[in-house]
Amino acid sequence: MEELTEHLVSTSENLLLKYGQTTGQAHIKKLKDLVIVQLNGLYLKNVRHLQYCVLLKVCILSNNYITNIDALECCIHLVKLDLHGNQIQHLPGPTFWEDMKELNLLYLHDNGIGKLDNVHSLSFCPNLIGLTLFDTPLSLRIAYRHIVVNSIFSLKALDYYVISDEEIVENWKLPPKYEPFSPSFFLDLCHSPRKEATVEEDINVVKDTISKINHILAHHSPILIVQRWIRGYLTRKRFGKIPLDEVLLQRYYIRDGAKQIYSQSTLPVCDNKSFMYHIIKPEQNTEDKKLISGKQKNLDSAYSTKYHSKYSRKIC
């Protein structure tokens, strides 16, 4: 072990300038101007000088011997951070991650992370979309995926699979197409970095990964599909694009202490009358609230307030 540590190196200014890139065309590089740093497989034992790279957006530190990443606290503009294949056992606390407001992709697989406290710290990262934790002691715990998915509210993909609605909404059984770990949710987040990649290429890789995640959710998340359908209906109604024979005739009355809307519409296909009841709470202002469809009403009652606050999913 001692012979191995003799070959480990520390990050230095010259090393960072050699493997770092800037957006400008200046002949002289400075640490404060570096946007991308690729230091994978260089036997690094610390990240000490990275604290001066305040504009860093993409940081690749994979396959080294790093145990502590506190020096990255000043790199608040990070969008992608790759730390897989190191010797990390403990992650920094919540204050470290809550300042990483632009961090979207975080790679932590093949490390020594084993405590759930680390997941709690990561939950303070406000815009984390993709995370890898496989091949860690933590990933061997019972209900590991359930804990991580429901702790980090912004997360959309964990390890090799995009997160299904069934993993978040309790006691909701979905058809096979929307079930967790189905082939339609598979996504390989791990891309081998190119040594000679430009700044634009690395940033585009991040954007492409996020775009793939959003594309999968847009077509395989029932919550997003219903939300999209409702937004389209309300938009068409606002601009008068709904035929007059589909506009509901509404009357209000009190029933069981709750204000209700009695809606009557005539179907163009047959002469029957269909009725819909939309219960509105007494404290709600019915003049300001738009009529929501029965589908959305059933959806809202399907999951708890905790998951509703998390799972108002948006496509970036």
Side-chain angles (χ1 to χ4, degrees), residues 36 38 40 57-63 78-86 97 100 102-111 113 118-119 122-123 125-136 138-141 143-169 172-194 197 200-228 307 310-316:
I36 293 178
Q38 293 191 10
N40 50 307
K57 287 186 173 296
V58 177
C59 185
I60 310 297
L61 297 169
S62 57
N63 298 316
L78 278 172
V79 176
K80 175 182 177 180
L81 178 58
D82 190 349
L83 294 165
H84 84 267
N86 280 282
W97 299 106
M100 299 282 182
E102 300 179 29
L103 184 61
N104 295 145
L105 301 178
L106 178 61
Y107 300 87
L108 293 172
H109 58 276
D110 195 16
N111 274 284
I113 301 170
N118 296 301
V119 176
L122 288 176
S123 66
C125 191
N127 296 302
L128 186 61
I129 295 176
L131 172 67
T132 62
L133 280 169
F134 61 89
D135 290 341
T136 63
L138 181 62
S139 65
L140 301 177
R141 285 177 172 264
Y144 140 77
R145 186 175 175 91
H146 175 77
I147 294 173
V148 175
V149 164
N150 291 282
S151 297
I152 306 174
F153 284 1
S154 62
L155 200 62
K156 296 182 180 180
L158 176 61
D159 297 336
Y160 285 106
Y161 288 90
V162 176
I163 299 171
S164 166
D165 289 352
E166 189 175 313
E167 297 182 81
I168 294 178
V169 182
W172 193 17
K173 187 65 177 177
L174 295 174
K177 178 181 178 181
Y178 306 111
E179 286 182 347
F181 305 110
S182 65
S184 55
F185 283 96
F186 178 82
L187 179 65
D188 188 2
L189 294 174
C190 306
H191 299 280
S192 300
R194 292 178 51 206
E200 292 77 12
E201 289 176 344
D202 280 332
I203 296 298
N204 286 336
V205 169
V206 176
K207 292 181 178 179
D208 182 62
T209 302
I210 297 174
S211 178
K212 289 179 180 178
I213 294 173
N214 289 332
H215 178 79
I216 292 174
L217 288 174
H219 292 83
H220 298 90
S221 168
I223 292 177
L224 285 181
I225 294 171
V226 173
Q227 288 178 350
R228 184 171 65 247
Y307 298 111
K310 170 185 178 177
Y311 225 67
S312 181
R313 274 180 151 170
K314 295 181 180 179
I315 294 296
C316 302

Is [Y] close to [X] at the side-chain level, that is, under 4.5 Å between some pair of heavy atoms?
X: Ile168; Y: Asn150; result: yes
X: Leu217; Y: Lys156; result: yes
X: Asp202; Y: Ile60; result: no
X: Asp159; Y: His109; result: no
X: Ile223; Y: Val169; result: yes
X: His84; Y: Asn63; result: yes
X: Leu122; Y: Leu108; result: yes

List the residues meeting ring-ring contact (aromatic ring centres under 6.0 Å, His included) with Tyr144, not counting sequence neighbours, and say none if there are none.
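ring-ring contact (aromatic ring centres under 6.0 Å, His included) check on Tyr144 returns nothing, list empty.
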To the nearest 0.5 angstrom, please state how far the [atom1] atom of [X] sits from the [atom2] atom of [Y].
X: Asp82; Y: Leu105; atom1: CG; atom2: CG; result: 9.5 Å
X: Arg141; Y: Leu133; atom1: CZ; atom2: CG; result: 12.5 Å
X: Ser62; Y: Asn86; atom1: OG; atom2: CG; result: 7.5 Å
X: Asp110; Y: Thr136; atom1: CG; atom2: OG1; result: 9.0 Å
X: Leu106; Y: Leu78; atom1: CG; atom2: CG; result: 10.0 Å
X: Tyr107; Y: Leu81; atom1: OH; atom2: CG; result: 10.5 Å

Has the side chain of Ser164 got a donor or acceptor atom that lies under 3.5 Å from a matching backbone atom of Tyr178?
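Yes; judged by distance alone, with no hydrogens or angles, the pair exists.
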Worksheet item: Asp135: what forms a salt bridge (Lys or Arg N to Asp or Glu O under 4.0 Å) with it, not counting sequence neighbours?
Response: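 None.
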Margin query: Do Asp165 and Ser221 pair up side chain to side chain, a donor and an acceptor below 3.5 Å, judged on atom types alone?
Written below: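 Note: Asp165 and Ser221 side chains meet the donor-acceptor criterion.
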Minimum heavy-atom distance [X]-[Y], with the two atoms named:
X: Ile225; Y: Ala218; result: CG1-O, 3.7 Å
X: Asn111; Y: Gly85; result: ND2-N, 3.9 Å
X: Ser154; Y: Asn127; result: OG-C, 3.8 Å
X: Ala157; Y: Ile213; result: CB-CD1, 3.8 Å
X: Thr209; Y: Leu187; result: O-CD2, 4.4 Å
X: Ser184; Y: His220; result: CB-NE2, 3.3 Å

Check: Phe185 ring centroid to Tyr161 ring centroid under 6.0 Å: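 Ring centroids of Phe185 and Tyr161 are no less than 6.0 Å from each other.
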Check: Passes side-chain contact (heavy atoms from CB on, under 4.5 Å), Ile163 versus Leu155? Steps please.
Finding: CA-CA 8 Å; Ile163 299 171; Leu155 200 62; 3.9 Å; yes
- Quick one: salt bridge (Lys or Arg N to Asp or Glu O under 4.0 Å) pairs with a partner in residues 204-226, sequence neighbours left out?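 Qualifying pairs: Asp208-Lys212.
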(message) Please determine whether side-chain contact (heavy atoms from CB on, under 4.5 Å) holds for the pair Leu138 and Asn118, giving the CA-CA distance in whole Å, both sets of side-chain angles, and the decisive distance to 0.1 Å.
(response) CA-CA 9 Å; Leu138 181 62; Asn118 296 301; 5.5 Å; no
*Would Glu167 and His146 satisfy side-chain contact (heavy atoms from CB on, under 4.5 Å), going step by step from the backbone distance to the final call?*
CA-CA 7 Å; Glu167 297 182 81; His146 175 77; over 6 Å; no
